[in-house]
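Worksheet for the structure shown next.
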Amino acid sequence: MRLLLLFTLASCVSAQKIYQGFNTGAFFTSSKPKAQSDFEAEFNTAQSLHYSPGVFSSARLYTCIQAGTTNTPIEAFQAAINTNTSLLLGIWCSGTTSIDNEIAALKSAIDKFGTKLKDLVVGLSVGSEDLYRLSKSGIENKAGVGAGPSTIIPFIQSARSGLAGTILSSIPIGHVDSWSAWSNTSNSAVINEVDFLGMDLYPYYEKDIDNRIENAEQIFEKLHNKTTAVAGGKPVWITETGWPVSGPVSGNATASVDNARTFWDIIACKYLGRNNVWWYTLRDADPSIAEKFAISKDLSADTTFNLTCPAASGAPASVNTDLSKGVQSTKKNAAMRSVEEMGYTAVFVLCGVMGFLL
Ligand SMILES: *[C@@H]1O[C@H](CO)[C@@H](O)[C@H](O)[C@H]1NC(C)=O
Ligand SMILES: *[C@@H]1O[C@H](CO)[C@@H](O)[C@H](O)[C@H]1NC(C)=O
Ligand SMILES: *[C@@H]1O[C@H](CO)[C@@H](O)[C@H](O)[C@H]1NC(C)=O
Ligand SMILES: *[C@@H]1O[C@H](CO)[C@@H](O)[C@H](O)[C@H]1NC(C)=O
Ligand SMILES: *[C@@H]1O[C@H](CO)[C@@H](O)[C@H](O)[C@H]1NC(C)=O
């Protein structure tokens with residue numbers, strides 16, 4: 001009996017909610033901040049993509065501060081509330097000696113939105129690729145200003161103490177970095193500080209190995225495994241991955257719509273619904289990046305390639321397939337989502353009872 005309970009409890013742990021979404025930056029260019037309506041347009045498109053495997057109803061942010069302000073909360077918060085989009089929050093950590101303004105922005109948002117915001121928060125990443133930018137390849141690639149473990153660790157600690165006593169005090173706090181930064185033992189003290197590891201991994205950029213698209217799955221798996229191997233059992237979330245639809249050659253990798261679709265079929269279809277994934281990306285925002293990753297043009301729900309996953313992939317079934325009735329199909333999704341949510345609640349209650357019996 002006890003064994004059976006234990007076994008069922010183990011499967012309870014894997015029944016937690018899985019998130020899928022896109023990354024979204026704070027700017028279009030260094031001079032134009034995204035406004036609430038821009039975020040809202042992105043979030044609405046993400047949820048209505050034609051033939052989408054499951055609903056993209058999450059977004060990963062890089063900062064809590066509205067671009068161009070000192071510490072005003074980013075307008076993505078209101079957009080997320082309006083569109084019921086969950087959020088992996090971010091705090092920008094490079095090129096600064098303090099994250100006080102980030103914490104102040106987040107606390108203002110907590111005061112303003114309360115549980116409406118809390119209910120959408122998946123976690124908080126303190127930093128994004130800061131360690132990578134300081135690494136050998138980051139410097140070679142002129143990736144920009146980074147920050148090392150001696151900066152990131154105190155920032156993680158100050159995010160924890162900053163949120164203590166607020167309604168966000170128990171959210172998972174982590175850090176996002178490249179697979180290479182995570183598997184670099186000089187950074188292992190950061191792993192001790194986090195609740196989750198956000199991993200960015202692009203086989204396209206692995207130009208030192210034979211990174212042609214035919215090898216992309218194996219490369220992804222190998223490097224993903226390297227990250228998992230150092231994570232000490234902590235969750236590894238896929239915070240950025242994708243393959244460009246256009247751009248320069250990178251080693252043996254070619255940017256093309258065909259290759260972007262192949263990468264989607266092998267990687268998105270393998271992880272969506274089973275691992276938290278924030279894909280790169282729905283909309284290209286930075287004109288200085290030569291590679292273009294957007295899966296549709298100008299936020300059209302009509303995608304550049306068909307997002308349907310192969311039947312045997314185990315990915316969520318396609319949604320938004322009834323193109324003749326756009327609005328109705330969105331309603332159907334909301335209904336489907338609430339059925340799913342009832343399922344989660346049932347599992348949750350069951351798991352609680354089982355935990356009690358044990
Ligand atoms: C490993 O990490 C350290 C500290 O962040 C960094 O200085 C070093 O360049 C990294 N090593 C490589 C090979 O990138
Ligand atoms: C790229 O492909 C060429 C031709 O097949 C091969 O000779 C070369 O070793 C590959 N590059 C790398 C870094 O493996
Ligand atoms: C990655 O790890 C999984 C699970 O341990 C294993 O089955 C797979 O062969 C590994 N893949 C690579 C490319 O190393
Ligand atoms: C996408 O692929 C699915 C499955 O093959 C197909 O039923 C659907 O018609 C395709 N959608 C478009 C817009 O081509
Ligand atoms: C928001 O989405 C969640 C799950 O994604 C769902 O359970 C909930 O019912 C939705 N809320 C509204 C108001 O649609």
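When a ligand or atom number is given, it counts from 1 through the structure's own listing order.
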Would you give the length of the straight line joining atom CZ of Phe43 to atom CG of Asn82, rounded to the nearest 0.5 angstrom? 10.5 Å
Working to the nearest 0.5 Å, report the span between CD1 of Ile74 and CD of Gln36. 11.5 Å
If the cut-off is 4.0 Å to any non-hydrogen atom of Thr308, which atoms of ligand 4 fall inside it? 1 (C), 2 (O), 3 (C), 4 (C)
For ligand 4, which atoms have a heavy atom of Asn306 less than 4.0 angstrom away? 1 (C), 2 (O), 3 (C), 8 (C), 10 (C), 11 (N), 12 (C), 14 (O)
Determine whether the aromatic ring centres of Phe220 and Tyr271 lie less than 6.0 Å apart. yes
Under 4.0 Å from ligand 3 - residues by heavy atom, chain and number: Gln218, Glu221, Lys222, Asn225
Can Lys107 and Asp111 be counted as an ion pair, charged N to O under 4.0 angstrom? no
Salt-bridged, Arg160 to Glu193, with N to O below 4.0 Å? no
For ligand 5, is there an N or O atom under 3.5 Å from any N or O atom of Asn84? yes
CD (Glu221) with more than 12 external heavy atoms under 6.0 Å: yes
May I ask you to check whether Tyr205 and Asn211 show a side-chain donor-acceptor distance below 3.5 Å? no
